[in-house]
Novice: 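Got a structure for you, questions after.
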Amino acid sequence: MSGSSASLQPPADAVKPVRHPDAPAPGDLLGAHYEHCFGCGPGQPHGLHLEARAGEGVALTAEFTVQPAHQGAPGLAHGGVLATALDETLGSLNWLLRTVAVTGRLETDYVRPVPVGTTLHLAAEVTAVAGRKIYSRAVGRLDSPDGPVAVRADALFVEVKVDHFIDHGRPEEIRAAMSDPDQVRRARAFEVNP
(Lines give C-alpha, C1' and ligand atoms only; values in the text may rest on other atoms or scores of the structure.)
Protein backbone atom coordinates (compact mmCIF):
# COMPACT_ATOMS: atom_id res chain seq x y z
CA MET A 1 0.00 0.00 0.00
CA SER A 2 1.31 3.40 -0.85
CA GLY A 3 0.09 4.96 2.38
CA SER A 4 1.85 2.57 4.79
CA SER A 5 4.56 3.77 7.14
CA ALA A 6 8.26 3.27 6.46
CA SER A 7 8.46 0.50 9.08
CA LEU A 8 6.08 -1.57 6.93
CA GLN A 9 8.12 -1.20 3.74
CA PRO A 10 10.42 -4.18 3.13
CA PRO A 11 14.12 -3.29 2.96
CA ALA A 12 16.00 -3.48 -0.34
CA ASP A 13 17.51 -6.87 0.57
CA ALA A 14 14.14 -8.51 1.34
CA VAL A 15 13.37 -11.72 -0.53
CA LYS A 16 10.21 -13.16 -2.04
CA PRO A 17 8.38 -15.46 0.41
CA VAL A 18 8.57 -19.19 -0.20
CA ARG A 19 5.67 -21.47 0.65
CA HIS A 20 6.81 -24.34 2.89
CA PRO A 21 6.59 -27.74 1.15
CA ASP A 22 4.47 -29.08 4.04
CA ALA A 23 2.03 -26.14 4.00
CA PRO A 24 -1.65 -26.98 3.53
CA ALA A 25 -2.65 -27.36 -0.11
CA PRO A 26 -4.48 -24.53 -1.88
CA GLY A 27 -8.15 -24.68 -0.94
CA ASP A 28 -7.53 -26.50 2.37
CA LEU A 29 -9.26 -25.09 5.44
CA LEU A 30 -6.59 -24.12 7.96
CA GLY A 31 -8.80 -24.60 11.00
CA ALA A 32 -8.39 -22.92 14.37
CA HIS A 33 -4.83 -22.54 15.55
CA TYR A 34 -5.98 -22.54 19.18
CA GLU A 35 -9.36 -23.58 20.66
CA HIS A 36 -9.66 -20.40 22.75
CA CYS A 37 -8.35 -17.86 20.22
CA PHE A 38 -10.74 -14.90 19.96
CA GLY A 39 -10.13 -14.72 16.20
CA CYS A 40 -10.56 -18.32 15.10
CA GLY A 41 -11.23 -20.56 18.11
CA PRO A 42 -14.51 -22.46 18.33
CA GLY A 43 -14.25 -22.30 22.15
CA GLN A 44 -14.92 -18.54 22.19
CA PRO A 45 -18.69 -17.93 22.24
CA HIS A 46 -18.35 -14.28 21.15
CA GLY A 47 -15.24 -14.80 19.00
CA LEU A 48 -15.02 -14.16 15.29
CA HIS A 49 -14.89 -17.85 14.33
CA LEU A 50 -12.86 -16.73 11.34
CA GLU A 51 -12.23 -19.49 8.80
CA ALA A 52 -9.13 -19.30 6.62
CA ARG A 53 -8.26 -21.33 3.51
CA ALA A 54 -4.84 -21.74 1.95
CA GLY A 55 -4.41 -20.04 -1.40
CA GLU A 56 -1.73 -20.23 -4.07
CA GLY A 57 1.79 -19.20 -3.12
CA VAL A 58 1.94 -17.56 0.30
CA ALA A 59 -1.62 -16.28 0.27
CA LEU A 60 -4.96 -17.19 1.80
CA THR A 61 -8.57 -16.18 2.01
CA ALA A 62 -10.73 -15.96 5.12
CA GLU A 63 -14.18 -14.89 6.15
CA PHE A 64 -16.28 -14.14 9.18
CA THR A 65 -19.79 -12.88 9.72
CA VAL A 66 -20.23 -9.84 11.97
CA GLN A 67 -22.46 -10.77 14.93
CA PRO A 68 -24.33 -8.40 17.31
CA ALA A 69 -21.60 -9.01 19.93
CA HIS A 70 -19.05 -7.48 17.51
CA GLN A 71 -20.70 -4.07 17.17
CA GLY A 72 -19.29 -0.74 18.27
CA ALA A 73 -21.76 1.83 16.97
CA PRO A 74 -25.36 0.58 16.75
CA GLY A 75 -25.57 -1.99 13.97
CA LEU A 76 -21.94 -1.62 12.86
CA ALA A 77 -18.80 -3.68 13.51
CA HIS A 78 -16.38 -2.27 16.08
CA GLY A 79 -13.15 -1.07 14.46
CA GLY A 80 -11.11 -3.13 16.92
CA VAL A 81 -12.98 -6.26 15.88
CA LEU A 82 -12.18 -5.51 12.24
CA ALA A 83 -8.51 -5.00 13.16
CA THR A 84 -8.64 -8.36 14.98
CA ALA A 85 -10.01 -10.05 11.85
CA LEU A 86 -7.21 -8.55 9.78
CA ASP A 87 -4.58 -9.53 12.37
CA GLU A 88 -5.92 -13.09 12.58
CA THR A 89 -5.95 -13.43 8.79
CA LEU A 90 -2.45 -12.01 8.39
CA GLY A 91 -1.14 -14.14 11.24
CA SER A 92 -2.51 -17.27 9.59
CA LEU A 93 -0.20 -16.67 6.65
CA ASN A 94 2.71 -17.75 8.83
CA TRP A 95 1.32 -21.28 8.82
CA LEU A 96 2.04 -21.38 5.07
CA LEU A 97 5.66 -20.51 5.84
CA ARG A 98 5.70 -22.92 8.83
CA THR A 99 7.15 -20.07 10.86
CA VAL A 100 6.19 -19.14 14.42
CA ALA A 101 5.77 -15.36 14.35
CA VAL A 102 4.01 -12.58 16.26
CA THR A 103 2.54 -9.28 15.17
CA GLY A 104 5.12 -6.51 15.34
CA ARG A 105 3.05 -3.81 13.64
CA LEU A 106 -0.41 -3.65 12.12
CA GLU A 107 -1.54 -0.60 10.18
CA THR A 108 -5.24 -0.58 9.34
CA ASP A 109 -7.26 1.55 6.93
CA TYR A 110 -11.03 1.71 7.48
CA VAL A 111 -12.63 2.41 4.12
CA ARG A 112 -16.37 1.92 4.79
CA PRO A 113 -18.65 0.75 7.62
CA VAL A 114 -19.28 -2.97 8.10
CA PRO A 115 -22.87 -3.67 9.21
CA VAL A 116 -23.86 -6.42 11.63
CA GLY A 117 -24.85 -9.47 9.58
CA THR A 118 -22.27 -8.73 6.89
CA THR A 119 -19.82 -11.43 5.91
CA LEU A 120 -16.36 -9.94 5.56
CA HIS A 121 -14.26 -11.67 2.88
CA LEU A 122 -10.54 -11.26 3.48
CA ALA A 123 -7.61 -11.94 1.17
CA ALA A 124 -4.03 -11.81 2.46
CA GLU A 125 -0.53 -12.44 1.18
CA VAL A 126 3.05 -12.31 2.37
CA THR A 127 4.87 -9.79 0.21
CA ALA A 128 8.47 -10.13 1.45
CA VAL A 129 10.76 -11.68 4.06
CA ALA A 130 13.88 -10.04 5.51
CA GLY A 131 15.64 -12.11 8.16
CA ARG A 132 13.12 -12.61 11.00
CA LYS A 133 10.73 -9.99 9.55
CA ILE A 134 7.71 -11.05 7.50
CA TYR A 135 5.85 -8.35 5.55
CA SER A 136 2.24 -8.92 4.55
CA ARG A 137 -0.98 -7.19 3.50
CA ALA A 138 -4.70 -7.92 3.52
CA VAL A 139 -7.95 -6.50 2.20
CA GLY A 140 -11.49 -7.13 3.48
CA ARG A 141 -14.53 -6.86 1.22
CA LEU A 142 -18.24 -6.75 1.99
CA ASP A 143 -20.40 -9.81 1.30
CA SER A 144 -18.28 -11.38 -1.50
CA PRO A 145 -14.66 -11.75 -2.58
CA ASP A 146 -15.36 -9.07 -5.21
CA GLY A 147 -17.48 -6.81 -3.00
CA PRO A 148 -16.65 -3.24 -2.03
CA VAL A 149 -13.44 -2.78 -0.02
CA ALA A 150 -14.21 -2.13 3.66
CA VAL A 151 -10.81 -2.52 5.37
CA ARG A 152 -7.15 -2.91 4.42
CA ALA A 153 -4.01 -3.58 6.41
CA ASP A 154 -0.26 -3.80 6.10
CA ALA A 155 1.59 -5.81 8.74
CA LEU A 156 5.00 -6.75 9.98
CA PHE A 157 5.36 -10.09 11.77
CA VAL A 158 8.50 -11.11 13.61
CA GLU A 159 9.67 -14.71 13.83
CA VAL A 160 10.04 -15.96 17.41
CA LYS A 161 10.87 -19.21 19.15
CA VAL A 162 8.19 -21.13 21.07
CA ASP A 163 9.96 -19.98 24.28
CA HIS A 164 8.34 -16.57 23.68
CA PHE A 165 4.93 -18.05 24.53
CA ILE A 166 6.21 -20.22 27.38
CA ASP A 167 7.95 -17.24 29.00
CA HIS A 168 5.02 -14.83 28.67
CA GLY A 169 1.84 -16.96 28.65
CA ARG A 170 -0.29 -17.97 31.61
CA PRO A 171 1.13 -21.31 32.87
CA GLU A 172 -2.15 -23.25 32.92
CA GLU A 173 -2.93 -22.49 29.26
CA ILE A 174 0.66 -23.18 28.23
CA ARG A 175 0.63 -26.58 29.98
CA ALA A 176 -2.73 -27.50 28.42
CA ALA A 177 -1.60 -26.55 24.91
CA MET A 178 1.76 -28.31 25.24
CA SER A 179 0.16 -31.51 26.50
CA ASP A 180 -2.22 -31.80 23.53
CA PRO A 181 -1.56 -35.25 21.96
CA ASP A 182 -2.25 -33.85 18.48
CA GLN A 183 1.15 -32.65 17.24
CA VAL A 184 -0.29 -30.24 14.66
CA ARG A 185 -2.68 -28.61 17.17
CA ARG A 186 0.17 -28.42 19.70
CA ALA A 187 2.40 -26.61 17.18
CA ARG A 188 -0.36 -24.31 15.89
CA ALA A 189 -1.40 -23.20 19.41
CA PHE A 190 1.72 -21.03 19.49
CA GLU A 191 1.46 -19.71 16.00
CA VAL A 192 0.23 -16.12 16.03
CA ASN A 193 -0.29 -14.85 19.58
CA PRO A 194 1.55 -11.63 20.49
Side-chain angles (χ1 to χ4, degrees), residues 1-9 30-53 59-95 100-127 133-145 147-160 164-165 168-170 173-174 177 188-194:
M1 291 182 171
S2 58
S4 63
S5 63
S7 64
L8 292 173
Q9 297 301 317
L30 298 184
H33 76 92
Y34 176 55
E35 172 79 15
H36 302 291
C37 173
F38 181 78
C40 66
Q44 284 291 344
H46 298 297
L48 305 185
H49 303 148
L50 187 133
E51 291 191 346
R53 288 192 182 277
L60 59 76
T61 58
E63 60 184 63
F64 89 99
T65 301
V66 179
Q67 302 298 319
H70 303 145
Q71 64 191 313
L76 298 173
H78 190 288
V81 167
L82 298 175
T84 300
L86 288 160
D87 186 46
E88 183 70 27
T89 301
L90 290 158
S92 295
L93 288 165
N94 297 314
W95 190 239
V100 177
V102 295
T103 310
R105 184 170 178 87
L106 176 69
E107 195 168 288
T108 306
D109 295 315
Y110 299 95
V111 179
R112 61 176 30 94
V114 180
V116 170
T118 298
T119 298
L120 193 65
H121 292 260
L122 298 125
E125 66 177 335
V126 175
T127 58
K133 295 180 177 180
I134 301 164
Y135 297 84
S136 54
R137 65 179 168 221
V139 63
R141 296 175 178 273
L142 300 177
D143 289 323
S144 80
V149 173
V151 291
R152 288 188 294 258
D154 284 303
L156 168 65
F157 282 79
V158 180
E159 183 178 354
V160 296
H164 168 87
F165 303 100
H168 302 287
R170 211 165 64 155
E173 279 91 354
I174 297 297
R188 288 203 69 206
F190 301 102
E191 168 177 64
V192 294
N193 296 345

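Basis for what follows: all heavy atoms, side chains included, without hydrogens, waters or symmetry-related copies. All residue numbers refer to positions in the sequence shown, counting from 1. Not measured: the values here are computed from a predicted model.
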Novice: What I'd like to find out is whether the side chain of Val114 reaches to under 4.5 Å of the side chain of Val81, using heavy atoms alone.
Specialist: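 The answer is no, as the side chains (C-beta and beyond) never meet within the 4.5 Å cut-off.
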
Novice: Quick one: closest heavy-atom pair of Pro115 and Pro113, and the distance?
Specialist: CD-O, 3.6 Å

Novice: Could you tell me whether the side chain of His121 and the main chain of Val139 form a donor-acceptor pair under 3.5 Å?
Specialist: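 Pair absent, no side-chain N/O of His121 close to backbone of Val139.
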
Novice: What's the shortest heavy-atom distance between Ala138 and Ala124, and which atoms?
Specialist: CB-CB, 3.8 Å

Novice: Any side-chain to backbone donor/acceptor pair from Asp143 onto Thr119? Under 3.5 Å, distance only.
Specialist: yes

Novice: Over all heavy atoms of both residues, which pair between Glu88 and Cys37 is shortest? Give the atoms and the distance, please.
Specialist: OE1-SG, 3.3 Å

Novice: Taking side chain as C-beta onward, heavy atoms only, is Leu82 less than 4.5 Å from Thr108?
Specialist: no

Novice: Side chain of Thr84, backbone of Gly39: donor and acceptor closer than 3.5 Å?
Specialist: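 Looks like no, no N/O pair under 3.5 Å.
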
Novice: Quick one: pull up CD in Glu63 and OG1 in Thr118 and give me the separation to the nearest 0.5 Å.
Specialist: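 Separation between the atoms: 12.5 Å.
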
Novice: What distance do Tyr135 atom OH and Asp154 atom CG have between them, rounded to the nearest 0.5 Å?
Specialist: 11.5 Å

Novice: Just by modelled atom types, is the Glu125 backbone N or O under 3.5 Å from a matching donor or acceptor in the Arg137 side chain?
Specialist: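 Answer holds: no.
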
Novice: Looking at CG of Asp87 and CG of Leu50, how far apart are the two atoms once the value is rounded to the nearest 0.5 Å?
Specialist: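 Those atoms lie 10.5 Å apart.
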
Novice: Below 4.5 Å, heavy atoms only, C-beta onward: do Leu142 and Arg112 meet side chain to side chain?
Specialist: yes

Novice: In Å and rounded to the nearest 0.5 Å, what is the NE2 to NE2 distance from His70 to His46?
Specialist: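 His70 atom NE2 to His46 atom NE2 measures 8.5 Å (nearest 0.5 Å).
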
Novice: Are any side-chain N or O atoms of Gln44 and backbone N or O atoms of His36, one a donor and one an acceptor, separated by less than 3.5 Å?
Specialist: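 Looks like yes, one N/O pair under 3.5 Å.
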
Novice: Would you say the side chain of Pro42 lies within less than 4.5 Å of the side chain of Glu35, judging by non-hydrogen atoms?
Specialist: yes

Novice: Any chance you could measure Leu156, atom CG, to Ser136, atom OG, to the nearest 0.5 Å?
Specialist: 8.0 Å

Novice: On a heavy-atom basis, which atom in Val149 and which in Arg141 lie closest, and how many Å separate them?
Specialist: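 That closest heavy-atom pairing would be CG2-NH1, 3.4 Å.
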
Novice: Evaluate the side-chain proximity of Val100 to Asn94: yes if any heavy-atom separation is below 4.5 Å, no if none is.
Specialist: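 SC-SC contact between Asn94 and Val100 ruled out.
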
Novice: What is the distance from atom CG of Leu106 to atom CZ of Phe157, rounded to the nearest 0.5 Å?
Specialist: 7.0 Å

Novice: Measure across Ala52 and Leu60 and return the closest heavy-atom pair with its distance rounded to 0.1 Å.
Specialist: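 Looks like CB-CD1, 4.3 Å.
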
Novice: Okay, side chain of Glu107, backbone of Ser5: is any donor-acceptor separation there less than 3.5 Å?
Specialist: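 Such a contact is found between Glu107 side chain and Ser5 backbone.
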
Novice: Heavy atoms only: give me the nearest Gly79-Tyr110 pair and the separation to one decimal.
Specialist: O-OH, 2.9 Å

Novice: So, do His78 and Gln71 sit near enough that their side-chain heavy atoms are less than 4.5 Å apart?
Specialist: no

Novice: Any side-chain heavy-atom pair from Leu93 and Ile134 closer than 4.5 angstrom?
Specialist: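 Counting from C-beta outward, Leu93 and Ile134 never come under 4.5 Å.
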
